[in-house]
Structure formats: C-alpha cells, structure tokens
Amino acid sequence: MEAIVFFVSAAIILAGGLGVIVLRNPVHAALSLVATLFGVAVLFIDMEAYFLAAVQVIVYAGAIVVLFLFVIMLVGVDKAEDIYAEPIIKQRQFAALAAAGMLILVALVGVAFAGDVTGQPSNEDMTISRAIENPDGTTTPAETSNINQLAEALFTDYVFAFEITALLLTIAVVGAVVLARRPKGDLQPLPDVEPSWALRKPRAVTPTEATDPSAGDDADQDPDETTVDQAATDGAETDEAKA
Amino acid sequence: MILGLTITTSYYLALSAMLFVLGAFGVMVRRNPLVMFMCVELMLNAVNISFVAFGDSMDDIRGQVSVFFVLVVAAAEVVIGLAIVVAIMRRRPKITADDISVLRG
C-alpha cells in the first residue's frame, strides 16, 4: 500500500517538475508546479509529517504559486521566449551533461553506502513518537501528536531561530514594498543593452527570406533605430526639464 | 510484486535527487526569470523531501524543524525575487535573464 502511494506521488512529482521546465507558457509551468507541490505534500503525509503536509499545501500551493500567477498576470504572459533558441552555444548539452553528472554522483554515493541509511539520533528528547501497531490488530495511538512534537522542538531548542525568522519575514515585507513602489520622479531609463542575439536571429531561414536580402537588413537595422529613437526622446525630456 | 515492496529511505532520496536535478537543469536552461524561480522552488522541495526522509529514518523530529525553516526562507526569497522581477519588467517588458546583464562585473 505504501508502495502504491509512493510511486503514484513520485510519478506526479516528476511529471510536474518536467512540466515546469519544458512548458513554454509560464502559467502552465506554475500549474505544473502545483502538481509537484501536492505530490510532495502526499509524501510528507506518507512519512507522518502531517503539519508540514498541511503547511506545504497552504503556504506553497496556496500562497507562493498564487503569488507567481499574480506576477505573471501583472507583467503579462510572455510567450515570446523561444525555448528552442540557445543564447550560449551548446548550452542545453552542457546543462544536460551537468545534470547527468549530478545524478550519477548521487547514485555513486548511494552505491557506496548501499543498503539502509545509517545514523543515530543524537538526542533522545527529539525522537518521533509514533502510533504502534499491536500484534492483535489494534493500534496504540502516538503519545504526542506531530504538531505538538514539532511545536515543542520549535519553541524550546530552536526558539532563537524562530524569532530570527520573524525578523527575516519583516525584512522581506519591507523590501518587497520598497522594491515594488513606483518612484515619484521620472523613471531613469535602463541602459539600452542589445537583446541577446539568439532571440532576434530567425530560427530557420525560409527560402523567401534567403532570396530576399531586405528581410535580413531590417533585422540588422532595428537595434540602431531604437537606440536613435531612445536618444531623441531622452534629449527631448532633458530639454523639457531645463525649460 | 511491486505492491509488497517496502519503501525505504533510499527510495525517497533517489526521488529527491531526481527532482533536484530537474530543478537545476531548469535553472540552467530557462531564461524567463519567473520560470527560473519556479525551478529554484523545485530544488528546495527536493531538499525538503530528503530532510523529512532522513528525519523519518533517524526517528528525529529535527528534520521536520529544518523543513519548517526552509519553507520560511523560501517564502521570503520568492517575495523579494518577484518584487525585483516586477521592478525590472515595469521598465522593460518581455525581458529575459540574458538581457539583465547590467550588473555584470
């Protein structure tokens, strides 16, 4: 039974993770992320971390993903990302190589320490109290619930870290407000860097484009024109400011 | 056959490693800053799985305490990161991570 739960939720987690990195539309990626987070919550329940499972659903799926979706809607869905373009040559291959290397490294470590994971809890106070299944089929419930145990650890040994977290959250809130606030004066234009070349380059040269030289020229001239326009508007703005 | 399988800690760790690698690959490959943040969330979740799995195997509640703190830090990180993304995209919409190279040393 545990095996079914594990493999089904593992499939959901990995499919969701794959969806995040391959789906072109950020909204779809965010929804895939929700699938992954729910799968992780199911695994938490499987490992008897009930409080964390609830927090996972409430905070992650309920707040963080909604924040993501909110920002996506605010700045506009960017479907323009050409996921087939590679700004750095062979970026995909190197990334895949690095990822495979990481996985192999982990597998090697796993083989080196084959068998059960070893280790010993260093503090008897921190052991998890579990429900015990009696031989006659009945179940003795755990002495203290998961939430009580977690709270006991959190508010005794780790209370200082807990208080620091409050400080961290306050800083985060203040920082977010300051960053997202619209400044009163005119916005300074960002330095006009050229968009990366791979995004402007046509993905495949069609026969008409290949025969028509003006198409390629247009693409080359575009950045120059925009910089000229930018300079002209900048000059106008400074003139207005002087007046 | 598969139903009688006992799920040991190693299974959870293998799943965690796979999810972490997926997230790392996404961060390396995707260029939309929002999707890169989502991939970072994938990596954080992978680590959370292994924290809880180790805590479960060692019979120690502190694995779950660590996950609690990771959740808080992840929430703060997302708030700040998305505020930065909004601040940048307000000036230059349709920007990708490659274009924000002004801070490059």
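Letters go in sequence order (proteins before strands), and every chain restarts at 1.
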S.K.: Among A:I164, A:V5, A:N146, which residue has the highest count of heavy-atom pairs closer than 4.5 Å to chain B?
M.R.: A:N146
S.K.: Compare all side-chain heavy atoms of A:S9 with those of A:D46 and state whether any distance is below 4.5 angstrom.
M.R.: no
S.K.: Counting only heavy atoms closer than 4.5 Å, note whether A:Y60 contacts chain B via side chain, backbone, both or neither.
M.R.: side chain
S.K.: Checking A:L33 against chain B: side chain, backbone, both or neither under 4.5 Å from a heavy atom?
M.R.: side chain
S.K.: Side chains of A:F68 and B:L82: closer than 4.5 Å at any heavy-atom pair?
M.R.: yes
S.K.: Between B:L44 and B:E77, is any pair of side-chain heavy atoms under 4.5 Å apart?
M.R.: yes
S.K.: Atom CZ of residue position A:F38 - does it have more than 12 heavy atoms of other residues, nucleotides or ligands inside 6.0 Å?
M.R.: no
S.K.: Of all of B:V52, B:N48, B:L19, which one pairs up most often with chain A through heavy atoms under 4.5 Å apart?
M.R.: B:V52
S.K.: At a heavy-atom distance under 4.5 Å, which candidate from A:A49, A:S32, A:A29 has the highest pair count against chain B?
M.R.: A:A49
S.K.: Quick check on A:L169 against chain B: is it the side chain, the backbone, both or neither that has a heavy atom closer than 4.5 Å?
M.R.: side chain
S.K.: Under a 4.5 Å heavy-atom cutoff, which of B:V85, B:V79, B:I84, B:N45 has the most pairs with chain A?
M.R.: B:N45
S.K.: Taking the side chain as every heavy atom from C-beta outward, state whether B:I80 and A:I171 have any atom pair closer than 4.5 Å.
M.R.: no
S.K.: Can you say whether A:A63 sits under 4.5 Å from chain B via the side chain, the backbone, both, or neither, judging by heavy atoms?
M.R.: neither
S.K.: Does the separation of the ring centres of B:Y12 and A:F6 fall below 6.0 angstrom?
M.R.: yes
S.K.: Using non-hydrogen atoms and a 4.5 Å limit, figure out which bit of A:E48 sits close to chain B: side chain, backbone, both or neither.
M.R.: backbone
S.K.: Quick one: are A:L14 and B:L15 in side-chain contact, heavy atoms under 4.5 Å?
M.R.: yes
S.K.: What part of B:F68 lies closer than 4.5 angstrom to a heavy atom of chain A: side chain, backbone, both or neither?
M.R.: both
S.K.: I'd like to check B:I7 versus A:F7 (side-chain heavy atoms, cut-off strictly below 4.5 Å). Are they in contact?
M.R.: yes
S.K.: Do you know which of A:G16, A:G17, A:G175, A:A98 has the most heavy-atom pairs under 4.5 Å to chain B?
M.R.: A:G17
S.K.: Using non-hydrogen atoms and a 4.5 Å limit, figure out which bit of A:L67 sits close to chain B: side chain, backbone, both or neither.
M.R.: both
S.K.: In terms of heavy-atom proximity below 4.5 Å to chain A, should B:V27 be classed as side chain, backbone, both, or neither?
M.R.: neither
S.K.: Under a 4.5 Å heavy-atom cutoff, which of B:I61, B:L22, B:V86, B:V78 has the most pairs with chain A?
M.R.: B:I61
S.K.: Any non-hydrogen side-chain atom of B:R62 less than 4.5 Å from a side-chain atom of A:Y158?
M.R.: yes
S.K.: A:M73 versus A:V27: any side-chain heavy-atom pair under 4.5 Å?
M.R.: yes
S.K.: In terms of heavy-atom proximity below 4.5 Å to chain A, should B:A46 be classed as side chain, backbone, both, or neither?
M.R.: neither
